[in-house]
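Before any comments, here is the structure.
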Amino acid sequence: MVLLEDLNKEQQDAVRQKDGPIIIIAGAGSGKTRTLTYRIAYLIEQGVSPYNIMSLTFTNKAAKEMQERIYSLVGYKAKYILMGTFHSIFSRILRQEAEKIGYTKNYSIYDDTDSKRLISEIIKNLNLDPKNYSKGRVLNRISFAKCSLYSPQDYKDNEYIRQEDFQANIGEVYRVYQVYQSRLKQAMAMDFDDILFNMNVLLRDFVDVKEKYQKRFQYILVDEYQDTNYSQYLIVKKLAEYYKNICVVGDDAQSIYSFRGATIQNILNFRKDYPNANIYKLEQNYRSTQNIIKAANSVIVKNELQIPKIIWTNNEDGDKLLFKTLLSDREEADWVAEKIKEITKKDKVDFNDMAILYRTNSQSRALEDSLRLKNIPYIVYGGISFYGRKEIKDAVAYLRLVANNDDDEAFERVINYPARGIGKTSIDRLKILRGEKRCSLFATIKQISENKEKTITTHAVKAMQEFCDMIEALSLEMKTTDAFTLGDKVIKRSGIMTDLALMKDVEDKDKLENIQELLNSIKSFVENDEENIIDSLTGEEISIKDKTLDVFLQQISLMSTADEKDEENSDNVKLMTIHSAKGLEFNTVFIVGMEENLFPSCMSFASRDDIEEERRLFYVAITRAKQHLFLSCAKMRYQYGNTTFSETSRFIKEIDSEFIDCNDGDRQIKKRLPFNDDAYNEPKKSFSLTKKKPLTSLRDNVFTEKILLRKKQQQTDVDEKDLSVAGIDQIKEGMNVYHSKFGNGVVVGVEGERDNKKARVDFETLGEKTLILKFAKLKIKK
DNA sequence: ACTCCTTGGGTTTTT
DNA sequence: CCCAAGGAGT
């Protein structure tokens, strides 16, 4: 068979096993995408209908690339394969099945900004101390709960989670979660995590639906399996339950998304779920030079947690890596720019084939300045996306509100933009009414006219009603009008264009152009029928009438910055975070900012797991390079408004010196400036400890926790519960107690009443902790 | 109700 | 440093 000739032995084996569960451990640059695409082509050649294949990826970019490559292998049939990100595929399925889980087809998807704004409003309404309850922290917590499939009720009832929150002084997060979730529902909206959560709900509660999709997806392929979270894992597991033709591809060494709930456990669990699963290891690297591969290996072996494998290559030795220490971030950027010029001249490498990788988005600034000065064309990925711009968010909010009148975040954004004489006070009063009526802002206004509410001034009420009438009239057209015709109308009616036209700043001209750009993208969405004649989910033909506004909105809300820019023919140096570089390769790579506290990030010092994740991130960065790899570090960096001093990253020292040139010998010199060390190390350490620790420990416990809970529920029921409740009043100062997780301790203080009653306990191993007695289930020792 | 200015909080990574 | 939210003045 012709296809297989392009593959090595291991790749062929992985492609040839048509049926049954298989797991492919694919090292960096080992031809993973090639194997996956060939596998799909092979399946089709073996007579599997493309309609019965589903292929899941993490980024739209990866999905698109795979689609193209399969297209070149099997032709038009590729269109029938359901291929996309977890979020895009499942949001489409949820659209089909929306009514079953209490949503409408046109539900909104809240992005991070929407969620954060809503969270901070709830924090304020609940009178929680904003010092402890920062929106980011709370949202993180909620997101974590959702990814591990804890509903608000589960969260409230879970002893471990509640205890963790309590320890971190955010004991009321469960209330925020509860309100947050009901507000989302009220707005007919889901956040990113809800898409996966609700997909789980759908599969759990509707057996017929589950069976329908189980039979539909006879062959399931999952890319980047190491980056799946529990919620994603369970969806895949359920869908594959019937045929068990599941093929997952991953590399534990490249797992870099645990902060988002991803867990290597999923790879390890695979063989538990499918005992007859075959493992294939792809260890030959086709991408990089010997030096790069060996350097990468010398770093990754420092991790304890990994599946043993050896990545090797037949490629030439190549140059050694080059590490350079510079005085400041400015100098570092200049050095990089200089090197880029040198490489283009000496090695004839295109700008296109070079990338500058960094740990944090904010590092791009200095680099951009230097590149601009030296006339080097570049493109920055990430940062503020097109859809993140204010004027675009405003315009999109109008579209969202038309598509879904209940979308309160969109509503609040535009109710008084452009100004309609509806001020903060009126909106505050409207929100109070919303609280009473328990519906969306839009629906609240609709009810005002009937009930003649008097809290809001008549002038404001009139303005609000006019606004709603305008939106409602536009909404009526949604099902019958294509996205562009309607979108154009909405934007023109909104008054945004005239408002922007009145401004005289130079930047406002850009804003107008951006809005025009948005309209253009809607236009091409509607008109571009070459690519999308077939709906790969329903298998039906798509006509222009199906390209309605809500479909467009759903598509863009799941797009990331990396998916937007697409100017293939331009010759640019690429600037991006290491995270967004995953899956890509470049002839020449610069990894900048190799400093302790920056990379590894100081946020990661709290636990060994986190440092290991940073190391995997470094491994990913190194293995992006084919030929040249440069690393640099700045002693002095302008950051968050002031200058910080750093030492060279520990990761530099971890690279075997055989494979790297250190220009200045800096790394051998151990500095001895104790007073200086203290000055910049001290505050950062305490910062990272107070903030990160509680979250980390929950993460570690998520799985053991589930097992523990299950065991507990099986073994004990009423007895132990009663005992612990009775225990609330029995706990007194001076008692010796035992806690299932913290061990033995002595009660040193009791405060609060009933459900809020807390005890301070001095534990033998862990020191003093304060526990909510309702949850702590302490046992009294004699 | 609107505008401008100050203040303060949060800054790792992202579908 | 960069934003969003709060306050003061119109």
Side-chain angles (χ1 to χ4, degrees), chain A residues 56-63 84-91 109-113 115-117 120-121 123-124 130-137 139-140 143 146-147 190-196 224 227-229 231-232 255-262 357-363 365-366 381-385 388 390 416-428 457 459-460 463 556-563 576-582 593 597-605 610 613-614 616-618 620-621 637-644 687-688 691-692:
Chain A
L56 293 162
T57 57
F58 265 80
T59 61
N60 293 301
K61 204 171 25 173
T85 64
F86 279 85
H87 289 85
S88 80
I89 288 185
F90 297 136
S91 71
I109 297 173
Y110 276 8
D111 68 17
D112 215 48
T113 331
S115 298
K116 282 204 175 126
R117 207 217 56 83
S120 35
E121 188 184 310
I123 290 172
K124 212 194 292 170
K131 266 191 183 145
N132 291 328
Y133 294 83
S134 80
K135 53 183 185 241
R137 210 172 164 198
L139 185 62
N140 249 341
S143 172
K146 287 186 182 178
C147 290
M190 298 187 200
D191 65 16
F192 288 136
D193 302 319
D194 282 336
I195 294 173
L196 304 174
E224 310 278 17
D227 288 332
T228 50
N229 58 37
S231 176
Q232 290 165 320
S255 156
I256 55 174
Y257 282 103
S258 77
F259 70 91
R260 213 167 70 189
L357 309 181
Y358 36 76
R359 178 70 239 263
T360 66
N361 277 305
S362 60
Q363 286 169 256
R365 227 197 176 81
Y381 289 81
I384 334 116
S385 79
K390 258 199 204 82
N416 200 34
Y417 175 77
R420 298 184 174 84
I422 304 165
K424 197 182 169 299
T425 334
S426 298
I427 293 169
D428 282 346
T457 61
H459 174 80
I556 63 164
S557 58
L558 295 171
M559 256 177 15
S560 75
T561 50
D563 305 317
M576 63 183 92
T577 62
I578 302 166
H579 279 89
S580 40
K582 195 166 80 159
N597 287 352
L598 182 61
F599 191 24
S601 155
C602 61
M603 313 291 284
S604 71
F605 294 164
D610 285 357
E613 173 141 327
E614 294 282 308
R616 291 193 294 270
L617 192 58
F618 186 44
V620 168
R637 185 174 290 278
Y638 200 61
Q639 224 177 184
Y640 311 128
N642 44 37
T643 310
T644 53
F687 174 70
S688 73
K691 261 196 139 169
K692 186 78 183 200

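Chain naming here is simple, since letters A, B, ... match the order of the sequence lines and numbering starts at 1 in each. No hydrogens, no waters, no symmetry mates; every other heavy atom, side chains included, goes into these values.
Nucleic acid contact for A/K124: sugar-phosphate only, since backbone atoms but no base atoms lie under 4.0 Å from a heavy atom of the residue. Residue-level contact check: A/Y257 touches the backbone only, with heavy atoms under 4.0 Å from sugar-phosphate atoms and none from bases. Among the heavy atoms of the strands lying under 4.0 Å from A/S426 are primed sugar atoms or P, OP1, OP2 only; no base atom is included. Counting any heavy atom pair closer than 4.0 Å across all strands shown, A/F192 reaches a base atom.
As rounded to whole Å, 18 Å separates atom C1' of B/dT15 from atom OH of A/Y381. One interatomic measurement links the two molecules: CG of A/N140 to P of B/dG10, which rounds to 13 Å at whole-angstrom precision. As a whole-Å value, the separation of A/R117 CZ from B/dG10 C1' is 18 Å. The separation between A/I256 atom CD1 and B/dT13 atom P is 12 Å, rounded to whole Å. Per the geometry, CZ belonging to A/R637 stands 16 Å off P belonging to C/dC1, to the nearest Å. Per the geometry, CG belonging to A/L139 stands 15 Å off C1' belonging to B/dT11, to the nearest Å. Between A/N597 atom CG and B/dT13 atom P the separation is 15 Å, expressed in whole Å. Between the P atom of B/dT14 and the CD1 atom of A/I195 lies a distance of 18 Å, rounded to the nearest Å.
Within the 4.5 Å cutoff, no side-chain heavy atoms of A/R359 are placed close to those of A/T577. Residues A/I427 and A/I422 are in side-chain contact: their nearest non-hydrogen atoms beyond the backbone lie under 4.5 Å apart.
For B/dT11, neither phosphate oxygen OP1 nor OP2 lies less than 4.0 angstrom from any side-chain nitrogen or oxygen of A/N361. A/N60 has no side-chain polar atom (N or O) that falls below the 4.0 Å cut-off from OP1 or OP2 of B/dT15. When the side-chain nitrogen and oxygen atoms of A/T425 are compared with OP1 and OP2 of B/dA1, one or more of them lie within a distance under 4.0 Å. A sub-4.0 Å separation between OP1 or OP2 of B/dC2 and a side-chain N or O of A/N416 is present. Neither OP1 nor OP2 of B/dT12 sits under 4.0 Å from any side-chain N or O of A/T577. Of the side-chain N and O atoms in A/R420, none sit less than 4.0 angstrom from OP1 or OP2 of B/dA1. Phosphate proximity of C/dA4 to A/S120: absent, as no side-chain N or O sits under 4.0 Å from OP1 or OP2.
Comparing B/dT14, B/dT15, C/dG6 by their closest approach to the side chain of A/S580 singles out B/dT14. Comparing atom distances between the A/M603 side chain and each of B/dT12, C/dA5, B/dT14 picks out B/dT12 as nearest. Comparing B/dT12, C/dG6, B/dT15 by their closest approach to the side chain of A/T59 singles out B/dT15. With B/dT13, C/dG6, B/dT15 as the candidates, the nucleotide lying closest to the side chain of A/H87 is B/dT15. In the set B/dT12, B/dA1, B/dT15, B/dT15 carries the atom at the smallest distance from any side-chain atom of A/D112.
A salt bridge between A/D227 and A/R260 is absent, with no side-chain N of the basic residue lying under 4.0 Å from a carboxylate O of the acidic one.
Residues forming a ring pair (Phe, Tyr, Trp, His ring centres under 6.0 Å) with A/F618 (at least two apart in sequence, or on another chain): A/F599, A/F651.
Take the nearest nucleotide of DNA chain C for A/K424 and for A/R365: the residue whose nucleotide is more 5' is A/R365. Nearest-nucleotide mapping onto DNA chain C: of A/Y638 and A/K390, the residue sitting toward the 5' end is A/Y638. If A/H459 and A/K135 are placed on DNA chain B by their nearest nucleotide, the residue sitting closer to the 5' end is A/H459. When the nearest nucleotides of DNA chain B are assigned to A/E614 and A/L196 by heavy-atom distance, the more 5′-ward of the two goes with A/E614.
Considering A/Y381, A/Y358, A/F259 in turn, A/F259 is the only one that fulfils the ring pair (Phe, Tyr, Trp, His ring centres under 6.0 Å) rule with A/H579.
Here the CD1 atom belonging to A/I556 is positioned 10.0 Å from the CG atom belonging to A/D111, to the nearest 0.5 angstrom.
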* Could you walk me through whether A/S88 and A/S91 pass side chain to side chain donor-acceptor pair (under 3.5 Å), step by step? => CA-CA 5 Å; A/S88 80; A/S91 71; 5.9 Å; no
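With its ring centre under 5.5 Å from that of the base six-membered ring and a plane angle below 30°, A/F259 counts as stacked on B/dT13.
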